[in-house]
4 protein chains.
Amino acid sequence: MELNEKQIQIIETAERLFAERGFDGTSVRDIADEAGVNVAMISYYFGSKEKMMEALFELRVGSVKIRVESLIKDESLSPLEKVNMLIDEHIDRVMQKQCFHKIMMGVVATNKNPAILKAANSVKIRNAEVVTELIKDGQKKGVFKKKIDVILMMNTMVGTVSQTMMSQTYYREFNKQQDMPDEEFELLLKRRLSIHIKTLFKAILTNEA
Amino acid sequence: MELNEKQIQIIETAERLFAERGFDGTSVRDIADEAGVNVAMISYYFGSKEKMMEALFELRVGSVKIRVESLIKDESLSPLEKVNMLIDEHIDRVMQKQCFHKIMMGVVATNKNPAILKAANSVKIRNAEVVTELIKDGQKKGVFKKKIDVILMMNTMVGTVSQTMMSQTYYREFNKQQDMPDEEFELLLKRRLSIHIKTLFKAILTNEA
Amino acid sequence: MELNEKQIQIIETAERLFAERGFDGTSVRDIADEAGVNVAMISYYFGSKEKMMEALFELRVGSVKIRVESLIKDESLSPLEKVNMLIDEHIDRVMQKQCFHKIMMGVVATNKNPAILKAANSVKIRNAEVVTELIKDGQKKGVFKKKIDVILMMNTMVGTVSQTMMSQTYYREFNKQQDMPDEEFELLLKRRLSIHIKTLFKAILTNEA
Amino acid sequence: MELNEKQIQIIETAERLFAERGFDGTSVRDIADEAGVNVAMISYYFGSKEKMMEALFELRVGSVKIRVESLIKDESLSPLEKVNMLIDEHIDRVMQKQCFHKIMMGVVATNKNPAILKAANSVKIRNAEVVTELIKDGQKKGVFKKKIDVILMMNTMVGTVSQTMMSQTYYREFNKQQDMPDEEFELLLKRRLSIHIKTLFKAILTNEA
DNA sequence: CATGAATGAGTCTTCATTCAT
DNA sequence: AATGAATGAAGACTCATTCAT
């Protein structure tokens, strides 16, 4: 689906509002008002509110698949390096599109939109398959342990990042870093998250201390 | 707040529906119909839909604080044992009240209800303080590492459990365990989660392999 | 209809609230709460909200008829003295039961309750008949003019008093008498109203300057 | 606020119904049905039922101020002529917009809508000020008495007209004029009211018989 | 192509009243 | 005799969507 400039503008406003108030908590009028367009435009451009949500999903998720797959295929990297890059990619993706990831948590929790649910699941399955292959490769090369629960490991990565993203204001308060500039704090947070998860994964994957 | 039998019945129906469809996605009529009561009863008993949500929150969260604090004070347990018990307690709590935890993810994501948000935050802060003390105790006794990011560690526990709970159907499919009885699968899942997170925490907290 | 103590208590609370918020703007729950009784009592004692209103009307109006008629029959008074006494009686009645008269203005404006409307009309007609007789008596005695529009005259009395009662706060402000004690101001107002209306009536009824 | 044709249509239906049944006694559905429009239109056009009432008030009162002030400034008229014109203007205004004036009596009685109450008060204050000036002018010119209670005088005018308007059916019955055509009766009533009030005012204002 | 006007269905809440106790 | 619990009906209002222009 090709999106023109105005459609992008609408969809990004919707993304922000959905993240702030939830899908059902946001009216198309809210979106139209904030985006500075006519109410009828949402139906006109996307068919319905639901369909707009699907368009948003497609826009944000579409690119992910390709990047992951190409990363995996890179022959110049060791299995552990690949895993670490996956972690950093995920952290970057979530932190860059925080609104979208907040929305997705809500969408996955409620079974409302089957189209999105199905698409989200297929992405997750594809990711799991790719990572499983990567793990198997590491095991064959003798750098990874034998028994590894890939799903739980992925859940730890995804869950930790989501949880941290959702409660970053609180993290900031707890660590007394309210005065730090936003960008600097985000960089710090991403670095710490990266080290944290890599440490966890190393403990799961390898026999090293 | 004392809740009578009918109020509990209504609140539990609401809990399930909120988990399935979200707060805004569930109408009071839906709840009343499923609970087999009159629509007006929600306002009659709780004052409003919002207030009912707060009553649900209070009902589910009220007991948590006390249990955590008493666990921590138990002198007969080592710091690591306490941490491990905390993990198991959390897993049990989430898996037993899956609906409620799904709802909470949605509530925390959207800033809708300030009363709940505030209460939820105070619970989180109290928990973090308690765990921090526990960690400090372990450090003083020389069994835990010096530098530990308590918040990230907690985020890993909470995030992993939530993520796993949310996607358990998918976990089942991936591991080809659809034929396993529900209860057996849940037990298996909890055991694996427990071992998984304890392993992670050991890697974070101690110097052992 | 005999009213017991509790019924009087309810009816007087209702009277105040109806005056403040209008009949439809006051809920039976409001009345019950303020009167400190159970909600069901209103239906229990009066049958319905509407019937309670009728009971209130009967309570307040019942006594009026007799007093007016006996006044008229008093042989020791001149026609003008009788008219003047009628004026003072009316002023006293309205100022003493301000709440009730506020309500009546609303009831008469809207055609809601036929029972009350009919009763109110019969009171008005009876009064007009009595006054007409009184006027005729004065005319026969040669102290009153020939052509007198009794209705318009009565409307002036009733209208002036109502209007003044309704806007007394404003009258007080305009005349800079906010510091005067309530009771003192009410006395002043009644005296001025009395003189004012008697002056008007004299101009209508007699040929004197 | 500019009102389009449909808004006027709705507002005039509402005016009639409010006069017949009171503000709280009239539902937006009643108004919509009688005006032949969709229920949602009331909120769509005016924001709320309350706001519609305010729009009605503004529509009816807006023009009054200017007319009164310009009348007062007319140098070619004597003070008494001005007072008499004020009386006729008031009678015409009330008799022409009977519904609106019925509503206003209810609104002023109950303290419900602060916006309208405030606006109504400011109109009344302005009118009193203008009339006061007019009276002072007459006193300076020696045609009016020294001691005049402007407020009570105005209350007599407003009260008499309102009272007569409200009970005109009864006036008709009493005078056996049911067979007279409506328009003829209204003219008669206005003429009589005019003479009646002018007589009263002359008695208050001047020393003539 | 884009939109202002309009709407039917749905929202939550409040209402006066009833009924079992 | 008196009431707490309960309810169907109605309340005002918001919603996503449609349609004529």
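The shown structure was predicted, so the numbers you read here are calculated from the model rather than taken from an experiment. Below, chains carry the letters A, B, ... as their sequence lines are ordered, and counting in each starts from 1.
Residue Ser48(B) places no side-chain N or O under 4.0 Å from the OP1 or OP2 atom of dC12(E). Phosphate contact (OP1/OP2 of dG4(E), side-chain N/O of Asn38(A), threshold under 4.0 Å): present. Here Tyr45(A) reaches the OP1 or OP2 of dA2(E): one of its side-chain N or O atoms lies under 4.0 Å away.
Between the CD1 atom of Ile10(C) and the P atom of dA16(E) there is a distance of 14 Å, given to the nearest Å. One interatomic measurement links the two molecules: CG of Asp30(C) to C1' of dA16(E), which rounds to 12 Å at whole-angstrom precision. Per the geometry, CG belonging to Leu17(C) stands 13 Å off P belonging to dC15(E), to the nearest Å. Atom pair Met52(B):CE and dT13(E):P shows a separation of 9 Å (rounding to whole Å applied). Per the geometry, CE belonging to Met53(B) stands 14 Å off P belonging to dC12(E), to the nearest Å. Rounded to an integer number of Å, the gap from CG of Asp33(B) to C1' of dT11(E) is 14 Å. Atom CG in Asp24(C) sits about 12 Å away from atom P in dC15(E), given to the nearest Å.
Nearest-nucleotide positions on DNA chain F for Glu50(D) and Met41(B) put Met41(B) closer to the 5' end. Mapping Tyr44(C) and Ala40(B) onto DNA chain E by nearest heavy atom places Ala40(B) at the nucleotide closer to the 5' end.
Other residues, nucleotides and ligands place no more than 12 heavy atoms under 6.0 Å from the NZ atom of Lys51(B).
Checking Arg16(C), Glu12(C), Arg93(C), Glu15(C) one by one against Phe100(C), the side chain to side chain contact (heavy atoms under 4.5 Å, CB included) holds for a single residue, Glu15(C).
You'll find the side chain of Met52(B) stays beyond 4.5 Å of the side chain of Val28(B), heavy atoms only. Counting heavy atoms from C-beta on, the side chains of Ile103(A) and Met53(A) come closer than 4.5 Å.
Distance check: Leu3(A) CG to Glu58(A) CD gives 8.0 Å after rounding to the nearest 0.5 Å. Rounding to the nearest 0.5 Å places OG of Ser162(C) at 7.0 Å from CE of Met105(D). Rounding to the nearest 0.5 Å gives a distance of 11.0 Å between CG of Asp33(A) and OG1 of Thr13(A).
Using a distance-only test at 3.5 Å, with no hydrogens or angles considered, a donor-acceptor pair links the side chain of Thr26(A) to the main chain of Leu17(A). Between the Ser122(A) side chain and the Ala119(A) main chain, a donor and an acceptor come within less than 3.5 Å of each other.
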Exercise. DNA chain E in dot-bracket, Watson-Crick or G-U pairs under 3.5 Å, [ ] crossing, | other strand?
Worked result: .||||||||||||||||||||
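Nucleotides of DNA chain F that come within less than 4.0 Å of any heavy atom of chain A span, from the 5' end to the 3' end, dC15(F) to dT18(F).
Ser43(A) comes within contact range of at least one nucleobase, with a heavy-atom separation under 4.0 Å.
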